[in-house]
Participant: 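Mind looking over this structure? Questions follow.
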Amino acid sequence: MERDLKTLISKMTLEEKASLCSGASFWYTKPVERLGIPAVMMTDGPHGLRKQVDESDHLGLNESVVAVCFPAACATASSFDTELMAKLGETLGNECQAENISILLGPAVNIKRSPLCGRNFEYMSEDPYLTGKMAAAYIRGVQSQNVGTSIKHFAANNQEFNRMSCSSEVSERALREIYLPGFEEAVKASQPKTIMCSYNKINGTYASENEWLLNKVLRDDWGFKGYVVTDWSAVADRVKGIKAGLDLEMPSSNGVNDAKIVAAVKDGTLDEKILDRTVERLLTVLYSYVDNRNPDAVFDRSADHEKAVDMAAECAVLLENNGVLPLKKDAKVAYIGSFAAVPRYQGGGSSHINPSKVTSALETAQAKNREITYVPAFSTEKDELLENGLENAIAAAKNAEVAVIFAGLPDSFESEGYDRKHMNLPKVQDKLIEAVAAVQPNTIVVLHNGSPVECPWAERVAAILEMYLGGQGVGEACDRLLWGECNPCGRLAETFPLRIQDTPSYLNFPGDGKKVHYAEGVYVGYRYYDSREMPVRWAFGHGLSYTKFEYSNLVLSANTMDDASKLTISVDVTNSGAVAGKEVVQLYVRDLNGTEGRPYKELKGFRKVALKPGETKTVSMEITARDLSYWVEELGDWYAPSGNYAVLVGHASDDIRLTAEVQFTTTKLLPLVVSMSTTFGELLKDPRTAPVMQQMMAKMGQGAVGAMMGSEDPSARAMAEAMLAGLPLKALVSFGAANPEQIEGLINTLNSVIA
């Protein structure tokens with residue numbers, strides 16, 4: 001139904017308008033009963049419903065209704081499967097309708113700047129392209145059920161330490177290229193109903209009152225239509241927030257901030273038109289749910305549990321395998337480690353779900369009558385072995401054909417609210433793995449963790465299966481994967497470094513508590529490791545299968561591009577193995593023009609494709625000029641220089657199978673103001689000034705530099721070219737090539753050419 005919201009707003013008192021700008025309680029918006037405006041409920045996600053009673057908390061300390069815990073984002077992003085994300089979103093949207101939830105708080109898309117961020121399990125990736133595509137699919141799924149989403153936390157919230165007050169000191173280029181594109185893609189492709197602003201400051205200004213962020217970037221640049229809601233209690237100055245584009249404060253401020261809004265309108269410091277615009281945004285989203293309420297929706301927990309199992313199997317990443325996996329049906333296997341019986345399947349904090357059912361890998365194996373012995377060995381809560389745990393584990397491993405160690409991080413190691421102190425597993429687990437591997441060559445490690453861990457034993461075990469925090473179906477999914485009922489098809493959405501000291505933010509994470517400097521700029525994750533040619537444990541995009549895939553016939557739709565072009569890249573992928581499997585085809589681009597400050601390569605496309613044994617499919621992806629570009633702060637826009645670019649297609653960031661080149665031409669020109677300090681190199685690269693400089697250089701043949709450039713000695717010529725590239729115009733006086741008046745004339749000529 002069509003509603004006349006402007007007329008409705010005109011009937012409100014100032015106090016009623018202000019009242020809609022904050023919550024009534026922890027999870028509900030305020031009603032205006034006089035005008036028939038109802039209250040609606042929102043609840044935490046992103047990987048399940050954490051619906052609590054009205055007086056409950058935001059940090060997962062108290063119980064919520066029984067729901068289904070799906071794999072966390074660390075796992076679902078590793079599926080590289082947008083259809084899976086859309087299906088997850090659709091399922092959650094239906095659950096919200098059944099529980100009368102209007103807004104699901106998610107997805108969480110902050111970039112994994114450091115493996116130590118305590119909330120990384122809830123975030124998707126170190127890569128903004130992957131993050132944006134997966135988030136957009138999730139949002140489409142949820143909102144297909146007429147339930148809103150709240151993509152979070154906007155923006156540059158990449159740590160838990162002092163997140164409520166710390167200032168993220170980050171360049172606009174790094175923001176535009178790394179920390180904002182996940183939000184940008186989601187907004188442009190899926191229009192989330194709401195965006196949740198983060199607690200932290202960005203370059204000294206709180207996100208909740210950052211007009212550049214909330215109005216300039218979000219609304220003007222990207223075209224966001226919904227409303228901005230605070231993270232819970234993230235308001236700094238409420239009136240500044242309204243002016244900056246912050247619409248809804250959650251939870252209730254008990255009327256304190258509502259009164260400030262009223263007072264600001266009355267004293268003229270806040271234009272009531274701004275308040276009206278805010279209220280209209282809020283009501284638009286509210287009625288998009290109210291007018292599309294589905295009272296017949298059913299929360300089928302049993303059916304959704306099966307979906308959770310299927311999804312967990314799609315997300316798991318096979319990191320290593322010497323052929324021991326999949327296990328033979330009649331294999332005699334020792335399950336070692338308490339996570340086999342009590343899996344860790346979700347992280348702590350506001351996303352903590354009260355699950356409807358959790359079946360462990362041990363229970364599942366026993367139900368299928370597999371030949372299993374079990375030794376708990378260590379605590380799932382502390383870094384300590386159980387009594388005789390090591391001895392019993394070694395004995396069981398010796399008596400079995402295969403040992404499977406279920407390792408992982410205790411709940412206390414990673415959670416919302418604090419960051420990890422290190423990247424290690426508990427010491428007793430490392431000790432156990434080393435000891436078992438020493439007596440049993442067929443040792444498999446299954447990992448339950450929300451972010452990378454150091455694996456010093458990786459070369460001494462037969463296989464490693466990363467289950468991440470796979471939701472309440474993780475045990476059943478793990479069984480299917482170990483015993484070959486499913487073929488692993490996940491790929492790492494983040495790099496596993498060899499050690500924490502290798503990470504790009506190591507010297508600048510998490511800052512001093514007041515500021516955190518993003519000194520690594522755009523060199524986050526694989527962009528850093530690849531550019532430095534630094535070895536890692538497992539690269540971004542890595543993941544093995546029980547079959548093999550071959551690539552062939554890379555074809556570009558054209559060998560040239562311009563600012564308006566779309567280039568189609570096609571490649572044939574063949575399953576050359578004996579079992580069905582899924583491959584994730586990854587597309588990267590690389591600037592071949594020597595442009596300063598560009599990563600070695602960047603992900604710009606991916607497709608997941610299912611293939612039967614012997615089957616070949618053609619996979620196609622598209623890129624545009626934006627995919628070749630970087631952000632130029634002086635230009636205030638994306639820019640790719642004319643020249644050659646490599647198109648790289650492969651199985652992982654460190655496993656490129658095929659390459660091609662495309663020539664790009666742009667009509668965009670970088671801003672340039674010529675002064676005495678401008679160098680010859682800058683002027684010779686710019687097509688506007690190069691002809692003038694070349695004419696002038698023809699007259700420099702008599703000088704020392706000209707003599708060296710004309711020398712038959714290659715080293716002399718190379719030195720002259722290097723000197724000239726960095727030579728400022730003012731140096732022409734020293735070389736006797738011009739006087740100050742002549743240089744000023746040249747500068748005026750050059751600037752007139754640019755203008």
Side-chain angles (χ1 to χ4, degrees), residues 17-18 20-23 29 42 103 105-111 128 132 135 139 148-158 163-172 174-176 178-188 190-250 253 257 260-261 264 269-285 631 636:
K17 293 176 188 177
L20 291 178
C21 297
S22 65
T29 63
M42 54 187 72
I103 301 287
L105 304 179
V109 301
N110 292 107
I111 292 296
I139 292 165
T149 54
S150 192
I151 188 170
K152 59 186 185 180
H153 309 88
F154 193 57
N157 177 189
N158 309 102
R163 64 173 171 154
M164 293 187 176
S165 58
C166 191
S167 179
S168 298
E169 301 292 307
V170 53
S171 70
E172 184 179 356
L175 283 169
R176 293 280 191 170
I178 304 295
Y179 299 102
L180 297 183
F183 294 97
E184 179 184 4
E185 173 65 19
V187 167
K188 290 181 175 179
S190 300
Q191 276 292 338
K193 296 292 185 181
T194 80
I195 284 184
M196 183 188 293
C197 74
S198 54
Y199 291 109
N200 55 286
K201 299 173 185 175
I202 301 170
N203 297 322
T205 302
Y206 280 109
S208 63
E209 54 193 54
N210 194 314
E211 187 168 9
W212 175 83
L213 184 71
L214 303 183
N215 279 334
K216 167 63 171 67
V217 174
L218 179 60
R219 293 189 169 99
D220 297 344
D221 292 357
W222 301 347
F224 177 59
K225 304 299 183 186
Y227 71 71
V228 176
V229 59
T230 63
D231 204 338
W232 265 228
S233 303
V235 162
D237 183 308
R238 187 65 186 101
V239 175
K240 281 185 180 179
I242 287 275
K243 292 178 180 179
L246 173 67
D247 302 302
L248 178 62
E249 173 191 10
M250 288 296 291
S253 64
N257 284 329
K260 291 180 180 179
I261 294 171
T269 56
L270 175 63
D271 189 336
E272 192 168 358
K273 291 180 180 178
I274 295 176
L275 179 59
D276 289 349
R277 183 182 62 192
T278 295
V279 173
E280 186 173 358
R281 290 174 187 149
L282 295 167
L283 292 178
T284 298
V285 172
W631 184 264

Participant: Kindly check if the number of other-residue, nucleotide or ligand heavy atoms within 6.0 Å of NZ (K17) is above 12?
Facilitator: yes
Participant: Tell me, do M196 and N157 make a side-chain contact under 4.5 Å, heavy atoms counted?
Facilitator: no
Participant: Mind jotting down which residue pairs meet the side chain to side chain donor-acceptor pair (under 3.5 Å) criterion with at least one end in residues 219-229? Sequence neighbours excluded, please.
Facilitator: R176-D221, N215-R219, K216-D221, R219-D247
Participant: Sub-3.5 Å donor-acceptor pair from the side chain of K243 to the main-chain atoms of T269, do we have one?
Facilitator: yes
Participant: Is there a donor-acceptor pair under 3.5 Å between the side chain of S168 and the backbone N or O of A156?
Facilitator: yes
Participant: Between the side chain of S150 and the main-chain N/O of G106, is any donor-acceptor distance below 3.5 Å?
Facilitator: no
Participant: Do you know which two heavy atoms are closest between I151 and P192, and how far apart they sit?
Facilitator: CG2-CG, 3.9 Å
Participant: Does N158 offer a backbone N or O that forms a donor-acceptor pair with the side chain of N110 under 3.5 Å?
Facilitator: no
Participant: Is a side-chain N or O of Y199 found less than 3.5 angstrom from the main chain of W232, in a donor-acceptor match?
Facilitator: yes
Participant: Determine yes or no for a side-chain-to-main-chain donor-acceptor pair under 3.5 angstrom, with N200 supplying the side chain and A207 the backbone.
Facilitator: no
Participant: Quick one: does C21's side chain get under 4.5 Å of N257's, heavy atoms only?
Facilitator: no
Participant: Find out whether I202 and L175 are in side-chain contact, i.e. whether some heavy atom of one side chain is under 4.5 Å from a heavy atom of the other.
Facilitator: yes
Participant: Would you check if I103 and V285 make a side-chain contact, meaning some heavy-atom pair closer than 4.5 Å?
Facilitator: yes
Participant: If you compare all heavy atoms of A155 against all heavy atoms of L180, which two are closest, and at what distance to 0.1 Å?
Facilitator: CB-CD2, 3.7 Å
Participant: Can you see which heavy atom on L282 is nearest to which on L20, and at what distance?
Facilitator: CD1-O, 3.4 Å
Participant: Nearest heavy-atom pair of N210 and T205: which atoms, and what distance?
Facilitator: ND2-O, 3.7 Å
Participant: Do F154 and V187 make a side-chain contact, defined as non-hydrogen atoms from C-beta onward lying under 4.5 Å apart?
Facilitator: no
Participant: Looking at every non-hydrogen atom in both residues, tell me the closest pair between S208 and A236 and how far apart they are.
Facilitator: OG-N, 3.7 Å
Participant: What are the two closest non-hydrogen atoms of W212 and E172, and how far apart are they?
Facilitator: CZ2-OE2, 3.8 Å
Participant: Is the backbone N or O of K240 less than 3.5 Å from a side-chain atom of E209, with the two atoms forming a donor-acceptor pair by type?
Facilitator: no
Participant: Short question: side chain of Q191, backbone of G223 - any donor-acceptor pair under 3.5 Å?
Facilitator: yes
Participant: For E249, which residues count as a salt bridge (charged side-chain N to carboxylate O under 4.0 Å, His left out) partner, sequence neighbours excluded?
Facilitator: R238
Participant: Roughly how far, to the nearest 0.5 Å, is the NZ atom of K152 from the OG1 atom of T194?
Facilitator: 10.0 Å
